[in-house]
Protein chains: 2
Amino acid sequence: MAEEPSERATLWAVARRAGVHAATASRALNEATRPLVAPDTIARVLRAARDLNYHPNHAARSLRTQRSMTIGVVIPDITNSLFPPIVRGIEDFLAPAGYVALVANTGRDVDRERVVMREMLARSVEGIVLATARRDYPLLEEPPLRGLPVVLVNRVTDDALFSSVSTDDRLGARLAVAHLLDLGHRRIAHIAGPDSLSTGFGRKSGYLEGMRSAGVSAPASLLVAADSYAEEEGYRCASELLGRRSPFTAILAANDMLALGALRALDEHGFRCPEDYSLVGFNDMPLVDRITPPLTTIRLPQYEAGSEAARLLLDRIRQRDGPVSAVLLAPKLVVRRSTCPPTPV
Amino acid sequence: MAEEPSERATLWAVARRAGVHAATASRALNEATRPLVAPDTIARVLRAARDLNYHPNHAARSLRTQRSMTIGVVIPDITNSLFPPIVRGIEDFLAPAGYVALVANTGRDVDRERVVMREMLARSVEGIVLATARRDYPLLEEPPLRGLPVVLVNRVTDDALFSSVSTDDRLGARLAVAHLLDLGHRRIAHIAGPDSLSTGFGRKSGYLEGMRSAGVSAPASLLVAADSYAEEEGYRCASELLGRRSPFTAILAANDMLALGALRALDEHGFRCPEDYSLVGFNDMPLVDRITPPLTTIRLPQYEAGSEAARLLLDRIRQRDGPVSAVLLAPKLVVRRSTCPPTPV
DNA sequence: GTCCAGATTGCAAACGTTTGTTGCTACGAG
DNA sequence: CTCGTAGCAACAAACGTTTGCAATCTGGAC
């Protein structure tokens with residue numbers, strides 16, 4: 001009775017116990033090849049495998065089949081609350097398919113991205129989900145990535161060389177602008193995100209479109225560009241807007257962190273939100289509904305973006321020459337209390 | 001000139017180009033065995049490897065060396081802001097050592113944990129960092145994990161069978177209690193976390209110790225237990241406290257989410273924080289400094305906990321029979337505006 | 001009775017490394 | 001001049017799978 005399965009059971013062990021050749025055991029164990037083997041042999045093999053608590057050696061299988069059942073996920077920073085839901089979406093979709101994700105944080109460092117992708121290639125990932133794209137992103141065309149399935153998420157490149165899943169940033173910004181216009185605002189400022197990112201650029205475009213199509217002017221004096229999505233930048237940009245001579249009654253920030261910075265600036269200048277200035281953010285980060293005032297913002301379907309990206313990637317892995325598709329998800333305006341009609345002068 | 005490195009270069013290709021045997025190339029490429037080969041041979045091999053853009057096949061190496069250079073990380077939910085810093089701490093420590101982390105979310109489902117660990121074992125992880133431990137956690141003693149290096153992080157088990165890294169929860173709670181006592185509070189209520197988790201239990205113990213050692217009574221009427229760390233539970237527990245006939249002037253919640261729920265309860269009952277009730281949380285989640293009122297809380301060194309856990313795990317992987325150590329990190333009281341002296345009646 | 005098709009299974013070669021062992025060369029000591 | 005030895009490189013055998021091909025067997029049609 002001395003069970004001693006301390007060493008991991010090998011396929012040969014299973015085969016021997018079932019009284020067959022390893023090749024037969026292999027065929028019996030794999031769904032796809034199972035029809036090739038006789039029913040009672042299948043039963044014997046399965047039983048032996050269970051008895052020995054057999055689990056196939058992943059490395060050996062990878063080596064033989066050239067498939068790692070692993071995909072890479074490259075994000076700027078998991079600590080940024082935008083990304084955890086995306087990562088979960090990816091993993092939850094991947095898991096049932098037997099895939100597993102290698103997640104790497106690269107900050108905003110392109111060199112680091114290069115290193116990380118090499119490392120992933122060394123581990124033979126079958127594809128990569130990339131959340132670090134810039135609008136112009138030559139990295140993707142460098143040789144090491146040649147032919148590797150890639151799906152962009154959240155941020156996209158200008159040229160649609162790769163499949164992507166993103167939120168309709170222009171639409172989101174237009175929704176926000178429309179909301180402010182509805183409330184009666186006309187002088188609406190915009191703290192734009194980096195032009196190099198599709199999110200920054202798209203939201204700015206949406207803002208401009210929204211204003212223009214309503215026949216409201218959006219002069220340069222109402223526009224200020226943030227260098228990054230950091231709270232500090234929001235503070236700086238809002239302060240700059242307030243310092244300009246151009247009056248406004250509302251601010252649309254390109255994301256919630258910028259909005260939080262702007263809120264702090266308003267506060268320190270002795271202004272109240274929303275009474276003096278309405279404020280709209282972007283992303284609907286956790287807890288922005290609990291700050292003062294609860295932030296009106298644009299909600300992005302992040303989890304769906306993640307799982308959709310994973311779906312696209314698996315499609316592409318299974319069918320290398322499939323179509324390149326750019327999925328646009330719809331954002332949603334969430335009205336809270338950081339916006340109200342402008343106070344009449 | 002027709003460079004055609006489309007197929008991944010193999011070690012043999014490198015060897016051939018350098019005019020040596022694959023074995024020699026292997027030795028030249030690996031730090032540890034490099035001294036065995038002649039200097040100019042090393043140079044030739046290195047050069048050939050660079051020319052061909054050679055990257056060793058991970059699966060083949062794993063198969064041969066029986067080492068996957070991969071560790072598993074099991075957490076309840078990456079979407080919970082407590083965990084991203086921990087995961088980063090782990091990954092940042094692992095990366096320089098050439099290791100990579102497989103991260104899995106299991107929710108609060110023990111069966112899922114089992115499945116996930118099996119999957120990890122199938123991929124031959126060399127160790128596991130576990131953030132899902134309960135105080136009584138038989139799963140760890142089941143055969144599949146036999147002998148696999150495991151390090152617990154954040155939550156620990158009662159019996160110190162495995163190395164662990166956690167914050168000193170008792171100390172944290174005592175700091176919070178001391179702070180409230182300093183302010184003059186005497187009737188301090190506690191919304192405790194689940195007793196099944198070391199965090200819930202430890203913080204409750206710390207609360208009781210803190211009260212007792214100051215000679216202040218902590219009757220059962222001031223204690224209420226949450227079933228989970230959900231905001232909703234905080235709301236329920238605070239409402240229950242308010243409904244009881246036992247007066248109090250401050251609440252120590254076992255974490256920030258519970259505190260947020262409590263805050264909502266106070267609000268809905270028409271009480272103000274901190275004027276009517278002081279409130280202390282635990283964790284210092286992002287943005288709790290921006291809510292109203294900014295939350296006084298206990299900050300945990302999460303990133304350090306992660307990297308420390310990774311360090312312990314690597315130690316153990318390299319030296320299987322090393323000592324079992326339980327690292328306790330020091331929490332820190334962060335005073336904000338949700339606490340103030342009790343208002344005299 | 002012969003032959004063929006179909007159903008099962010076994011055989012053996014790969015996949016790309018690492019590493020124990022052996023073989024070669026040259027050099028210094030005796 | 002011989003021998004031992006050090007330094008270096010090659011050989012070959014693994015690691016645990018999968019899979020094309022060949023081999024065996026069965027039963028049925030002619």
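We name chains A, B, ... by the order of the sequence lines, and we start the count at 1 in each one. Quick note: numbers below take in every heavy atom, side chains included, and nothing from hydrogens, waters or symmetry partners.
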Under-3.5 Å N/O pairs linking protein and nucleotides 5-11 of chain D:
unit_1: D/dA9; atom_1: OP1; unit_2: B/Thr41; atom_2: OG1; d: 2.2
unit_1: D/dA9; atom_1: OP2; unit_2: B/Ala38; atom_2: N; d: 2.9
unit_1: D/dA10; atom_1: OP2; unit_2: B/His21; atom_2: N; d: 2.7
unit_1: D/dA10; atom_1: OP2; unit_2: B/Thr24; atom_2: OG1; d: 3.0
unit_1: D/dA10; atom_1: N6; unit_2: B/Arg27; atom_2: NH2; d: 2.6

So which protein N/O to nucleotides 24-26 of chain C N/O distances come out below 3.5 Å?
none

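Computed from coordinates, the A/Arg64 CZ to D/dT17 C1' distance equals 8 Å when rounded to whole Å. To the nearest angstrom, P of D/dT17 lies 12 Å from NE2 of A/His55. Atom CZ in A/Arg123 sits roughly 18 Å away from atom P in C/dG16 (whole-Å rounding). Rounded to whole angstrom, the span from the CG atom of A/Asn57 across to the P atom of D/dT18 amounts to 10 Å. Note: CG (B/Leu63) to P (C/dG16) measures 12 Å, nearest angstrom. The nearest whole Å value for the distance from the CZ atom in A/Arg8 to the P atom in D/dG16 is 9 Å. With rounding to whole Å, B/Gln66 atom CD is found 13 Å from D/dT17 atom C1'.
The CD atom of A/Glu126 sits 5.0 Å away from the CD1 atom of A/Ile317 when rounded to the nearest 0.5 Å.
The ring-ring contact (aromatic ring centres under 6.0 Å, His included) contacts involving residues 20-76 of chain A comprise A/Trp12-A/His21, where partners must be two or more places apart or lie in separate chains.
Using a 4.0 Å heavy-atom cutoff across all strands shown, A/Thr10 reaches sugar-phosphate atoms only and no base atom.
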